[in-house]
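Heads up, the thing below is written out as structure tokens.
Since this is a predicted model, take the numbers as computed values, not measurements. A, B, ... follow the sequence lines: proteins, then strands. Residue 1 opens every chain.
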Amino acid sequence: MLDIRSIREDSESCQQRLKARGGDAWKLITEVLECDEQRRSGETEKQVLQQDRNRLSKEIGKMRSQGEDSAEVEAQVRGIGEQIKVIGEKTEKADSRQRELLLQIPNLPHEDCPEGADETANPEIRTWGEKATFEDFEAKDHLTLGGQLNLFDFELGAKISSSGFVVYTGAGARLQRALIQFLLDLHTREHGYKEVNPPVVVNRECMFGTGQLPKFEDDMYGIEDNAHFLIPTAEVPVTNLFRDTIQNGDDFPIKVTAATHCFRREAGAAGRENRGLIRMHQFDKVELVNVVHPDQSLAQLEVLTNEAEKVLQTLGLHYRIIELCTGDVGFSSTKTYDIEVWAPGQNEYLEVSSCSSFGDYQARRMKLRFKDENGKNRLCHTLNGSGTALPRLYVALLETYQQADGTIRLPEVLHPYFGAAEIG
RNA sequence: GGAGAGGUGGCAGAGUGGUCGAAUGCAGUAGUCUUGAAAACUACCGUGCCGCAAGGUACCGUGGGUUCGAAUCCCACCCUCUCCGCCA
């Protein structure tokens, strides 16, 4: 949620930043300001009346205790009560409309977020490693490899659930488990994360807190008449762990990681570009969440991105970092780096991590604050990034480390986790 | 799922219609005392909104209602705990 005060103070530049995203959200600002005006004048008016009512009510109490007749004053207060009700309803209406609008307005892209209309304008920031080459054979894709090695079964997934779900089998399931363990160990041992294992079913409040609601209800699996949802990412439960709290500034940066299943309807995404494991309705992901001091967030985004990159470096997988331009940054995000791993069998880069700073946007929605040096409550900044998503990491791993005979030679760090050096 | 109890400030715990935003204790902050610390004592010590400020106003699980006035009464919902049932 944007700060109504800063909208009030400089609606012009606020609209400019929203326009940089594309879309129509900037048009809502005018109505927000109207509501704000009504809300504040109504509130002031109401308070004056409440003040009168409180004063007179106390007098009634006094009069009665002294045995005086208070009927006249009572009638007067009754009249004030009516007025309060009328003005209160009007104010309440403006207030809830204002809130409704604010919840629909995305975050402002950061000043140093590159301008651009869509993903084609996303600049490449850096790359690491080299594309894997295969001298004496043609690289197969993960579907072929996984099929030969019986690592996963899409038909079984469809049979017991529906398309978009997969059953990992045998060594394939074990590899998945090994990867999760490896990732959690990396982040907890080397990057100082605290591990949690949260629910994957959360209430609506959480979804408002991180920004999935109200705009993206259709992207999620709802249960019990959408009173609860399956999480699309661990960002939701983990960040909301801190909802409505006042943190101690000395604890910054707060770093929490979680491996969870993630569920996405991916409505309208079915199609050729998403064959195999690349876009699933259910997948595993290790998420990194940071809660930081406002002054730290930009620097911390670099740290967080480095931590996610470390995964690929450790596994020896070639990747590139893309920065999302103003037209492509996510709804709640103010600045985002995507990490894309090279998948030789696909002959393309796959997004395995999206590292974002949300500024105070999520914190304001979920009332996540800290006490600053002067004892004042201020909003924290939140960040998160995947560290990393599993299926695409899995794809890159199989396709990068395939051998001529279709077996997979695993990078050394995974040997103890997987319990073998090769699959096949 | 059934029966009962309960949800008040960081915690504990008073408060059953009127100076209650809320006693008291603990914790915390500042100070006095002390060579230092502890103890003792003194003061401060929830959150939001409106306002330049003074100040005002709202919040006692959530939402409604009754009343001149609600933490206190009524209704609904949510949550927690205990016992029983069921169960990985």
* May I ask you to list the residues of residues 80-89 of chain A, by number, that have any heavy atom positioned under 4.0 Å from an atom of RNA chain B? => none

Is the distance from OP1 or OP2 of [N] to the nearest side-chain N or O of [X] less than 4.0 Å?
X	N	answer
Arg55(A)	C68(B)	no
Arg78(A)	C68(B)	yes
Arg5(A)	C50(B)	yes
Arg8(A)	C50(B)	yes
Asn54(A)	C68(B)	no
Arg53(A)	U57(B)	no

Nucleotide [N], atom [atom2] - distance to [atom1] of [X] in whole Å:
X	N	atom1	atom2	result
Asp250(A)	U29(B)	CG	P	11 Å
Gln98(A)	C50(B)	CD	C1'	13 Å
Leu56(A)	U67(B)	CG	P	18 Å
Gln47(A)	U57(B)	CD	P	8 Å
Lys371(A)	C45(B)	NZ	C1'	10 Å
Asp95(A)	C49(B)	CG	P	11 Å
Glu74(A)	C68(B)	CD	P	7 Å

* To do: Show your reasoning for whether ring-ring contact (aromatic ring centres under 6.0 Å, His included) applies to Phe370(A) and His293(A).
  => CA-CA 8 Å; Phe370(A) 72 102; His293(A) 189 283; 5.1 Å; yes

* Asked: On a plain distance test, is the side chain of Arg64(A) in donor-acceptor contact with the base of G18(B) below 3.5 Å?
  -> yes

* For atom P, what is the distance between U72(B) and G64(B), given to the nearest Å? -> 14 Å

* **Spacing of the P atoms in C20(B) and A71(B) (rounded, Å)** => 12 Å

* U82(B): pairing nucleotide in any strand, Watson-Crick or G-U under 3.5 angstrom -> A3(B)

* C60(B): pairing nucleotide in any strand, Watson-Crick or G-U under 3.5 angstrom -> none

* Would Glu351(A) and Arg279(A) pass as an ion pair if we require N to O under 4.0 Å? -> no

* Asked: Is the ring centre of Phe331(A) less than 6.0 Å from the ring centre of Phe216(A)?
  -> yes

* Asked: Are the aromatic rings of His142(A) and Tyr394(A) close, with centres under 6.0 Å apart?
  -> no

* For His415(A), which residues count as a ring-ring contact (aromatic ring centres under 6.0 Å, His included) partner, sequence neighbours excluded? -> none

* Derivation of the side-chain contact (heavy atoms from CB on, under 4.5 Å) call for Cys35(A) and Arg39(A) -> CA-CA 6 Å; Cys35(A) 289; Arg39(A) 193 194 100 244; 5.7 Å; no

* With sequence neighbours left out, what residues match Ser357(A) under side chain to side chain donor-acceptor pair (under 3.5 Å)? -> none

